[in-house]
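Below: the structure, in structure tokens.
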Amino acid sequence: MAHDEAPRRPQPVRGMQDFLGEQADRFDHVVSRFQDVARRFGFRPVHVPVLEHTHVFARSLGETSDVVAKEMYSFADRSGDSLTLRPEFTAGIARAYVSEGWQRFGTLKLFAHGPLFRYERPQKGRYRQFHQVDAEVIASPSPLADVELIAMADTLLRELGIGEGVTLQLNTLGDAESRAAWRAALVGHFAAHRDALSEDSRRRLEANPLRILDSKDPADRALVERAPGIGAFLTAAAGRFFEAVCRGLEASGVAFVETPKLVRGFDYYRHTAFEFVTDRLGAQGTLIGGGRYDGLIEAMGGPPTPAVGWAGGIERLMALAAAPPPPGVDVAVVAECPEAEHEALRIAQALRSAGCSVVAPFQGHARKRAEAAARAGSRAILYVRDPGQTPASVNLVDRSRDAGSAGRLAAIRARLPHPYGTPTGALPGSLPGSLSGPERSPARNDGDGRA
RNA sequence: GCGACCGUAGCUCAAUUGGUCAGAGCACUGGUUUGUGGUACCAGGGGUUGCGGGUUCAAGUCCCGUCGGUCGCCCCA
């Protein structure tokens, strides 16, 4: 069923969203907080394509995973190659690592963000084009890499104001040997009670038996309770690794809950698996999820390379994050009359070059422009008078009326071009950080800024 | 892919049991008020009630389909 006709009013493609205003601000806020935290942890940016050859995802995520089996946006390009819009970050980054020979850089700590695509039924916190922030540590076998990564995720959540109501669930899937033994035991356990399983879980038994462990079906729950845990199948080395991750998190001050039934959706995961979950987002409660994928890069054709990573849903994070600082600008430049138009432009450009954020409303007369300035959140308005008069003059007016206004006005005045600037020419600090200036009694009206 | 609910001006909503019900506020445009803590007043543009079909003397109001949204299942960040 294709729907190519253009309706009278165009609709976005199903599951795709348009962001403007507060929504767009919140989105950018999550990304900028993430980038800031990542850099403070010593991570570097990485950019990889949105399109990959289909097999990059098909092989690494597991042919039987739902994402590969029925949720990928795959198509043949004009040369007939099968390409896929990335449904996740890790496989593409692993592919790039192999393609570009990045093993020459030793351990890499990388972060990325951007759009992902999955053909799913849209729902709260789930969209067909969605966005993630992503972090990976590649080529480190140390449990301390897992610890640092998880601590970084924890820091991000805190700085977004999402501390409370979120719990970190932690588990280990063991190494390849442990995982295979556990999986076989689970299949044995559930197959023995096949009749009691829900229809969905009988299907999972073939495709992805670990997933039965987080079934919501009440009938399944009873069987899950009696299912074998990973513990009995853990090799000594895998047990020590998990222990080191737990002790490291405690030392880092990151609270977690051991969750033996926690599993991951993709085949490539080994050892550490974790999710930051909340009950405040309905059914899509995972904010950040990740784990270790030691076998993936080798399976991709690269050298044996241990790695860990996580991804967080931006739409989910922005739904819970504290409101970002209100958008605004330092000053609006308003021409009083048509004759002042060009002088206003000159002043606006000079102020921007000096580091001020400036809007210059261009619709309607001075009255309308002042209203537009208010709408833009400008903290001050600079009225520009007819420059044909002598002396030329401007009137700088405060809008915000808070304690820092006097300092802000002084900082703007100091950045005005000739002949309006402060005679002394002293620049009180740099913008915009110091634009708040020293605390003083608020100057209501700065009077006539004649130079 | 399955289920439930929903779809009226750009936005938020109104319209008695299907019968002058196509409206209000905000937004937008123009004007007036010499300007500043989102000033007030006047005027104006704008809707084939998502789309298509059906029932009826009559449908925004009922039925079917379709597209989209919301929530749940499933899946996952």
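Proteins come first, then strands; the chains are lettered A, B, ... in the order of their sequence lines, and each starts at number 1.
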inquiry  = I'd like the C1' distance from C75(B) over to U16(B), given in whole Å.
reply    = 46 Å
task = Just name whichever nucleotide pairs with U56(B), Watson-Crick or G-U, keeping both distances under 3.5 Å, else none.
result = none
Of Tyr119(A) and Ile381(A), the one whose closest RNA chain B nucleotide lies more 5' = Tyr119(A)
task = Determine which nucleotide pairs with U34(B), using a 3.5 Å limit on both distances of a Watson-Crick or G-U wobble pair.
result = none
request  = Taking only Lys NZ, Arg NE, NH1 and NH2, and the carboxylate oxygens of Asp or Glu, determine whether Arg385(A) and Glu343(A) approach each other closer than 4.0 Å.
outcome  = no
ask   = Salt bridge check: are Asp175(A) and Arg179(A) linked by an N-O gap of less than 4.0 Å?
value = no
inquiry  = Measuring only the C1' atom in each nucleotide, how far is C6(B) from C51(B)? A whole number of Å is fine.
reply    = 16 Å
key: Pair Arg264(A) + Glu275(A), salt bridge at N-O below 4.0 Å   = yes
message = Taking atom CD as the centre, does Glu199(A) end up with more than 12 heavy-atom neighbours from other residues, nucleotides or ligands that are less than 6.0 angstrom away?
response = no
message = Using a 6.0 Å distance limit plus a 45 degree cone around the ring axis, check whether Arg128(A) lies over the aromatic ring of Tyr119(A).
response = yes
key: C1' gap between C21(B) and A14(B), integer Å   = 10 Å
ask   = Above 12 or not: heavy atoms from other molecules or residues under 6.0 Å from CZ of Arg39(A)?
value = yes
request  = Determine the interatomic distance between C1' on G60(B) and the same-named atom on G50(B); round to the nearest Å.
outcome  = 12 Å
inquiry  = Can you check the distance between C5(B) and A9(B), where both ends of the measurement are the C1' atom (answer in whole Å)?
reply    = 25 Å
message = Suppose you measure atom P in A24(B) against the same atom in A15(B); what distance do you get, rounded to whole Å?
response = 15 Å
message = Would you measure the distance from the P atom in C28(B) across to the matching atom in G68(B) and give it in whole Å?
response = 32 Å
message = Taking atom CZ as the centre, does Arg221(A) end up with more than 12 heavy-atom neighbours from other residues, nucleotides or ligands that are less than 6.0 angstrom away?
response = yes
ask   = Does atom NE2 of His55(A) have more than 12 heavy-atom neighbours from other groups under 6.0 Å away?
value = yes
key: Any-strand Watson-Crick or G-U partner of C5(B), both distances under 3.5 Å   = G69(B)
note = Under a 3.5 Å limit on both distances, the Watson-Crick or wobble mate of A22(B) is none
request  = May I ask you to say what Gly21(A) touches in the nucleic acid, namely base, sugar-phosphate or nothing, with a heavy-atom cut-off under 4.0 Å?
outcome  = nothing
Polar atoms only, N or O, under 3.5 Å: list the protein pairs with nucleotides 30-34 of chain B and their distances.
from	atom 1	to	atom 2	distance (Å)
U33(B)	O4	Arg367(A)	NE	3.2

query = If we take the C1' atom in both C74(B) and G1(B), what is their distance in whole Å?
reply = 8 Å
key: Arg292(A) and Asp146(A) ion-paired at < 4.0 Å   = yes
task = Look up atom CG in Leu382(A) and atom CG in Leu351(A), then write down how far apart they are to the nearest 0.5 Å.
result = 7.0 Å
request  = Heavy atoms under 4.0 Å is the rule here; annotate nucleotides 70-77 of chain B 5' to 3' with B where the base is hit, S where only the sugar-phosphate is, and - elsewhere.
outcome  = -SBBBBBB
Identity of whatever pairs with U39(B) - Watson-Crick or G-U, under 3.5 angstrom = none
